[in-house]
Structure formats: structure tokens, C-alpha cells
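Here, residue 1 is the first one in the sequence, and each next residue gets the next number.
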Amino acid sequence: MELFQAKDHYILQSGERALWCSRRDGSLQLRAATDLLLAWNPICLGLVEGVIGKVQLHTDLPWWLLLIRQKALIGKLPGDHEVCKITKIAVIPLSETEPQDLELELCKKHHFGINKPEKITQSPDDTKFLLKTLTQIKSNVSAPNKKKIKESKEKERLEKRLLEELFKMFMDSDSFYYSLTYDLTNSVQRQSACEKINLPLWRKVDDRFFWNKHMIEDLISIDVMDFWIIPIIQGFVQIEELVVNYSESSDDDKSSPETPPQESTCVDDIHPTFLVALISRRSRHRAGMRYKRRGVDKNGNVANYVETEQLIHVHNHTLSFIQTRGSVPVFWSQVGYRYNPRPRLDKSENETVSCFRAHFEEQLKNYKKQVIINLVDQTGREKIIGDAYLKQVLLYNNANLTYVSFDFHEHCRGMKFENVQTLTDAIHDIILDMKWFCVLKYWCPTHLTAKILRCCFLPEAYCI
């Protein structure tokens, strides 16, 4: 889509649609593409991929419009749904301030043969200079107010620092993903159960993982803005295609120089590949920096909660398995700026009960049976948190919760992560009891139409 700069607006245009963003008050308005003719001296700044939203990080600063400047294709999910990662953003002040060099890809329609977009020239206000009184002129040439200059410089430094952090968040973390046709916020199981088939994508999302919801509320409040709303998740997505060799020869036989190389074979020559995907979704509730955001809040949300879905797609069938992780759901924190500050409990056992219950009631509603794997240290400074967690589990006393404690740091000290096998061996029967979700598609010979068979196996493993 094209981005235009006019005297009072920034205008995003895609086909017959146009979104006008006011440079005076930050308001958004949907208008016809032909209204571009009514804008004062519109200049095409280049091309963008979509709208992230708008944000005001400080009351002394203007609203900023965040746009997807560059994307990278991660892969395609079943159904030919493209999944993209945001690699670069553009931040535009919704004010009269001129934007910095946005380095946008140039629009060939408006910049044919031009390497850089021209800067917009501000139109002279008809009466601005004539209306200046002698008093105003004297005020302009008088000695500057040092206090105002100092405040202005501090404001500029604040704005620069916040902008730098905003760019770092998007471009250094590599953790923001979106799809225009696939709901990345919902697991395959939730998508299959969804009855809102004909609604726009953003109206079907899981609110927990709709990362830019707050930033795009102005668009959400206007019913006809569906085209401009792109649900973005924070997390991780990887999509790979794998070919499985069904040969019965052992690894030793394959590596032997006397064994002639064999071509990879597969049971089904029509669909010889497996599509494997990993999608991690970070909750927008109670997100924050490690050590600075811990425990549960009054609504039962835990810090840095993530749902991870493993997908396998083969022969038109899709299987899904889910794990979740989150901070220990009691009121605790780590105060101080040194590395790994000592944990402390912030509320009593009785004060924690209701919030702990709220958290796991939501978990059981979403995922049914739960296996809790507590990974905190069972001795030393973290023991106080592990003990408080176990007490809350016992007080909750729910038959759908299975509690397992594994001192991860003790068993895997010195990067010996293979020792996790101790845990998997201990809970072998529990693992076998865990379920997954699958969607089976087959063709009905009579009508030659696709049928979907859903096997509703419910997850979960809940890791702390």
C-alpha cells in the first residue's frame, strides 16, 4: 500500500480504500481513494506492508503511527496461508513535525526513475505572517527563555530514547509475526471449534494473543475498518518441510562406506513430505522484562505467559499438540538491579488463593486436564516460591491437575540438558496419557467433496 504525506494528514491507500490519519489530533478516518485529490499537495513517501497501530508513549509527546515497513516470509501453513515476520517498521509522528527519513521502498507509479522521495514543502499560510503583531515580532527576537530551551531539549532526548527502544523492540527481537489469512492467535483446535466462519480474521482471534489490540483500538471502534486491521502476535514461528526416509536400514548401515547410497522413498509418493510448524504465542497480559515482571495479578494472569503449538501436517491431515508456560501463579517478585535478585513473596497464602484459582480455572476452561511441571529450584533461594506453589495446588485440590516438581538447575547443571530424560522417564505414563488434536480430511468417492473428521483429543502440559 502507498503512504502519502499531505499538509494535515498522512494517507494510506490500497486500491479503492484510503485511511486518513490526522496530523493534528491523531484521529483515523476511512475515505474513498478518490479523496486524495482533495488533499493539499499530497506527496507519495513510498510503500508499506500494513498498519501496526498508533501509540503515545508519553503525554508530552505526539501520537506515533506505526507501520510495517518490511516483512520476511517465514513459510506457508496448510491451505497456502503465508506467515510473515516483521523485520522493519516505520514510525511517523502524527503532528506537524516532519518525519525523519523513513527509507521506504519507492512506489514505481509515483517515483519512476527517482531514487529518493522528495521532501514535502510546507504551503505558506495565507495570513500567518500578516497577522503577526509588533509585540509578537519583538518576542521572537528577544532573549530566549532558558527554561523553555532546557525543557525542549529534555523532551527531544526523551523522544529519541523512546523511539530507539521502539525500533529495538521490533527489529532486534525478531518476535513479531502476522498472517493476512491465517489466525495465528488460535490453535487448530480452537479454530475448528469456532463458529464465526464468515467474520473478518481479527474478529475471530484469541484476545490473549492479539498483541497490537490496544494500539489499533481506534480502527476496531469503526465497523468498516476490517481491511486495515492486522492481528499481530509476539512470539516465534518456524515452518519446515521434512522428507521422512522409511528405509529400514540402520544409521550404521547408512554411514558405512560399503553401503551404496539409496534414494529416499516414502509410503505415499503423492504427498512425500511432512510440514512441521512451531508457533509460540506470548500473552499481551502481564508481559514484561525478566526479573521485573513475576507472578500472578489480581485477574489471574501470570507474567510472560506463552502458548506453544506443535503442528504436523501430512497427507492432508493436521495434528496439533500444545504446551503452555508462565510465571509461578503466586504473588512474588525480585527486587533490585543485580543479576538474579532474591525472590520474595508479596502476599499471604490466603490473599493468593482467589487469584491462583482464577488462573487455573481459566487454564482448565481452555485446555481441560493439566499437568503442572514446576521447574524452580527445590533448595536455595527459589525454595520459598516452589513451596508456596505446592501449597496453593493442595488448597485448590482439583482432580484435573497433576503436579510434578523437577529441579531443572540441579539436574541440568553445566549445560547437561540431556538429563531432562530423568524427568521424561519419571512421568512416562503421564506423557502417554496426554492427548492431541487432529483434523482428518478425506474424499468421499460418491460426491467428490472434502470431508473433515475431527478427533477431539484435548491437550495439555502446563510448564512453569
Exercise for the section: Check side-chain hydrogen bond (donor to acceptor under 3.5 Å, both in side chains) between S348 and all other residues, then give those that pass, not counting sequence neighbours. Expected result: E351

Practice task
Could you please spell out the steps behind the side chain to side chain donor-acceptor pair (under 3.5 Å) verdict for S22 and D25?
Solution key: CA-CA 6 Å; S22 172; D25 57 12; 3.0 Å; yes

Problem - Backbone of N198 reached by a side-chain donor or acceptor of R203 within 3.5 Å - result: no

Problem - Atom NE2 of H81 with >12 non-hydrogen neighbours under 6.0 angstrom - result: yes

Problem - Contacts of type ring-ring contact (aromatic ring centres under 6.0 Å, His included), residue F356, not counting sequence neighbours - result: F360

Exercise for the section: For R286 and N304, run side chain to side chain donor-acceptor pair (under 3.5 Å): C-alpha distance rounded to whole Å, both residues' side-chain angles, the deciding distance at 0.1 Å, then the answer. Expected result: CA-CA 6 Å; R286 201 162 172 69; N304 296 313; over 6 Å; no

Exercise for the section: Look at D206 together with R281 and state whether they make a salt bridge at an N to O cut-off of under 4.0 Å. Expected result: no

Practice task
Write down the atom of E49, the atom of M1, and the distance for their closest heavy-atom approach.
Solution key: O-CE, 4.1 Å

Problem - Chi angles and distances behind the side-chain contact (heavy atoms from CB on, under 4.5 Å) call for T181, L201 - result: CA-CA 7 Å; T181 58; L201 182 66; over 6 Å; no

Problem - By side-chain hydrogen bond (donor to acceptor under 3.5 Å, both in side chains) - contacts of T308 (at least two apart) - result: S280

Problem - Electrostatic pair K383-D387, nearest N-O below 4.0 angstrom - result: yes

Practice task
Take H409 and D377, measure what side chain to side chain donor-acceptor pair (under 3.5 Å) needs, and give me the verdict at the end.
Solution key: CA-CA 7 Å; H409 293 104; D377 296 350; 2.8 Å; yes

Exercise for the section: Might you point out which heavy atoms bring V51 and I216 nearest each other, and give the distance in Å? Expected result: O-CD1, 4.2 Å

Problem - Residues K76 and E241 bridged, charged N to O under 4.0 Å - result: no

Handout entry: Distance flag, aromatic centroids of F437 and F321, threshold under 6.0 Å
Key = no

Completion exercise
The reported gap from CH2 in W211 to CZ in R284 (rounded to nearest 0.5 angstrom) is 11.5 Å

Please table the atom pairs, donor to acceptor, closer than 3.5 Å between any side-chain atom in residues 164-172 and protein atoms at least two apart or in another chain.
none

Problem - Plane angle bin for Y177 and F236 - parallel if under 30°, tilted between 30 and 60°, otherwise perpendicular - result: perpendicular

Completion exercise
Sequence neighbours excluded, the answer for side-chain hydrogen bond (donor to acceptor under 3.5 Å, both in side chains) partners of Q238 is E240

Problem - Electrostatic pair K88:E103 at N-O distance under 4.0 angstrom - result: no

Handout entry: Trace of the side chain to side chain donor-acceptor pair (under 3.5 Å) decision for Y367 with E307
Key = CA-CA 11 Å; Y367 307 113; E307 176 189 86; 2.4 Å; yes

Handout entry: Centroid-centroid under 6.0 Å between F406 and H411 rings
Key = yes

Problem - Closest approach of R69 to I89 (non-hydrogen atoms, all atoms of both residues) - result: CB-C, 3.6 Å

Would you list the atom pairs, donor with acceptor, under 3.5 Å between side chains in residues 390-398 and any protein atom, with sequence neighbours excluded?
residue: Q392; atom: NE2; partner: E349; partner atom: O; Å: 3.2
residue: N398; atom: OD1; partner: N400; partner atom: N; Å: 2.8

